[in-house]
Amino acid sequence: MELPPKFVERVLRDLGTAEGRALCGALDAPPPVSVRLNPAKTGTDRLPELFPEVLPGGPGGAGTPQDASGASVFSGSAAFSGTETPPGLPQLDVAGRVPWCAGGLYLASRPQFTFDSDFHAGAYYVQEASSQAVGHLLGGAAVRGARVLDLCAAPGGKTTLYASLAGPEGLVVANEIDRRRAAVLADNVRKWGTGNVVVTACEPRAVCDFEAWFDVVAVDAPCSGEGMFRKDPASRAEWSEGGVRVCAARQEEILREAWRALKPGGTLLYSTCTFNRDEDEGVLERLLAAVGSEAAETEERPVDGAWGVVCGRVGAFRTYRFYPHRAVGEGFFAAVVRKAPDAEGRMRTPRAHRAVFAPADRTTAAELARWTLDPGAMRFGTVAGTCYGWFAAQADAVRALSEALPAIYSGVAFGQVFRGVLKPDPALAFHTGLNRGALPVAELDGPTAVRYLRRQDIPPGELAEGMNLIAARGRALGFAKRIGRRVNNLYPNSLRIIKQD
Ligand code: SAM
């Protein structure tokens with residue numbers, strides 16, 4: 001399908017003929033494939049050593065993807081020789097590091113992610129490269145221990161990144177207005193396994209009634225999606241000028257709500273995957289007109305010229321544009337601003353609608369403690385008969401949120417305790433703080449792991465009698481129970497692979 005003519009017309013007008021044509025050309029080239037590793041499951045800190053920024057020979061080394069004209073899509077980015085593999089992920093055909101994200105990797109080819117057990121284990125998230133910049137643009141360290149609101153969060157690409165950055169002292173509230181998409185978000189949060197996320201499914205207004213609550217508010221706004229024109233060609237048919245106007249009005253509304261939720265001194269990150277000025281700079285201008293001197297500059301973030309990112313300013317906002325003909329990634333716009341420390345706004349916690357949490361009794365808490373590496377850092381309780389653990393540092397915040405909002409997941413679901421014994425919830429297998437000493441671990445080979453993930457029968461082979469943690473390449477996938485020669489595959493039906501080979 002052709003690019004929408006009105007879009008092409010506008011781009012040539014806004015960017016000039018040469019630049020506009022380069023952009024349209026890039027939108028017709030194949031998109032690069034990229035993933036972001038889960039640091040807790042892959043030891044991402046080894047990446048710089050494995051993939052130095054630019055190896056001798058530079059871009060264009062073995063395995064470097066090429067665009068339609070045969071040119072390397074990695075010119076201006078990190079390049080890689082293709083002889084190393086990321087920690088414990090030999091199946092990924094790595095082409096280079098995403099330069100603005102510590103765990104980001106470009107792949108030379110697109111594997112069948114569906115049949116990779118590490119994909120299901122939450123070892124990495126398939127995420128286009130430009131979006132991976134949000135951590136860097138926020139100043140990664142500032143997110144550690146912070147309370148982050150990700151207001152438009154599904155399917156969870158950025159949520160999982162914030163969760164890794166926030167750590168156990170921090171909390172990410174991942175909100176998604178669409179309930180069906182919120183369920184997918186919750187699945188991805190469980191798999192990522194950091195245990196520091198609350199997933200809510202409501203309108204921005206309801207979450208933002210938690211006024212001046214958050215150190216960081218991220219609005220990855222629903223938009224006209226021009227930046228997705230090559231990755232998702234169907235988005236070309238959905239685009240219209242009227243649609244752009246509707247999106248811009250909605251974005252303005254969401255940003256006003258976001259501002260209420262932000263603490264004085266906190267940071268707002270606004271992003272879209274569109275090139276449209278009305279949905280990008282225009283929306284920022286309208287927010288600035290409303291909040292006046294409450295908006296303040298953030299510290300400058302280093303942006304290497306070789307990344308191809310176009311930096312700009314809109315009042316106190318610092319803006320970053322990722323054009324696919326300049327940077328190796330999809331079209332993306334991000335802007336960062338601070339709420340002035342002396343801005344008006346006292347913290348306000350909405351009233352609880354219902355009591356959700358019941359404390360765990362002593363026997364139950366002792367059983368749950370056995371399953372976690374750091375029981376002292378957790379608080380245990382039950383919600384509708386299922387036992388959960390929440391990191392103590394944010395447990396009161398989780399409770400306040402869950403009692404006022406429709407929270408569909410929070411912390412770590414441990415499972416149900418019967419007569420002092422835990423029947424583990426599938427989510428516990430993914431938790432990075434799971435104590436593997438609590439039960440036998442059965443390591444499956446690749447084909448048997450796929451059978452397990454399809455929820456098919458697996459041979460009793462390596463399984464011990466009773467409950468087992470099922471792993472492949474050392475990474476946990478779920479649980480199975482052996483009773484004599486029979487194995488009960490406890491992988492959740494909702495997650496099972498249904499695609500045929
Ligand atoms: N942040 C996500 C990620 O990185 O995976 C992508 C978010 S997507 C660009 C925007 C999300 O906003 C969609 O999931 C959409 O359902 C949601 N949305 C749609 N209308 C909305 C509204 N009026 N208020 C808040 N969110 C909305």
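Every heavy atom of this structure was used, including side-chain atoms; hydrogens, water molecules and symmetry mates were not. We number each residue from 1, following the sequence as shown. Counting starts at 1 for both ligands and their atoms, following the listed order.
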Cation-aromatic face contact Lys191/Phe119, 6.0 Å, 45 degrees: yes
Using a plain distance cutoff, I'd like to know if Ala221 has any nitrogen or oxygen under 3.5 Å from a nitrogen or oxygen of ligand 1. no
Taking it one step at a time, do Ser224 and Glu279 satisfy side-chain hydrogen bond (donor to acceptor under 3.5 Å, both in side chains)? CA-CA 8 Å; Ser224 58; Glu279 297 180 60; 2.5 Å; yes
Quick one: nearest non-hydrogen protein atom to atom 12 (O) of ligand 1, plus distance? Cys152 CB, 3.4 Å
Proximity winner for atom 16 (O) of ligand 1, if only heavy atoms of Glu253, Glu176, Arg205 are counted: Glu176
Is the count of non-hydrogen atoms from other residues, nucleotides or ligands lying under 6.0 Å from Arg354 atom CZ greater than 12? yes
Using only heavy-atom distances, determine whether the side chains of Gln394 and Asn196 contain a donor-acceptor pair under 3.5 Å. no
Quick one: look at Glu203 and ligand 1, take heavy-atom pairs under 4.0 Å, and tell me if it's side chain, backbone, both or neither. neither
Centroid separation under 6.0 Å, is that true for the rings of Tyr270 and Phe317? no
Less than 4.5 Å apart, side chain to side chain, heavy atoms only: is that true for Asp14 and Phe275? no
On a heavy-atom basis, I'd like to know which of Ala153, Ala154, Ala218 is closest to atom 7 (C) of ligand 1. Ala154
Where's the contact between Pro204 and ligand 1, heavy-atom distance under 4.0 Å: side chain, backbone, both or neither? side chain
contact_flag Ser131 ligand 1 heavy-atom lt 4.0 Å: no
Arg144 and Glu169 ion-paired at < 4.0 Å: no
Do Arg36 and Gln127 pair up side chain to side chain, a donor and an acceptor below 3.5 Å, judged on atom types alone? yes
Short N or O distance, Lys158 and ligand 1, threshold 3.5 Å exclusive: yes
Once you restrict to heavy atoms under 4.0 Å, what part of Asp220 touches ligand 1? Side chain, backbone, both or neither. both
With a cut-off of 4.0 Å, which atoms of ligand 1 are near a heavy atom of Pro155? 5 (O)
Pair Arg321 + Asp280, salt bridge at N-O below 4.0 Å: yes
So which protein heavy atom does atom 5 (O) of ligand 1 come closest to, and at what separation? Gly157 N, 2.9 Å
With only distance considered, is Arg181 within less than 3.5 Å of ligand 1 through an N or O on each side? yes
Could you find the nearest protein heavy atom to atom 20 (N) of ligand 1 and give me its residue, atom name and distance? Pro222 CG, 3.7 Å
Would you mind finding which of Asp150, Ile177, Thr159, Leu151 brings a heavy atom closest to atom 27 (C) of ligand 1? Ile177
Heavy-atom distances under 4.0 Å are what count here, so tell me which part of Ile254 touches ligand 1: side chain, backbone, both or neither. side chain
Tell me the protein heavy atom at minimum distance from atom 23 (N) of ligand 1, and give that distance in Å. Arg250 CD, 3.3 Å
Assign the ring pair His431 / Phe414 to parallel, tilted or perpendicular, where the plane angle (0 to 90°) is split at 30° and 60°. tilted
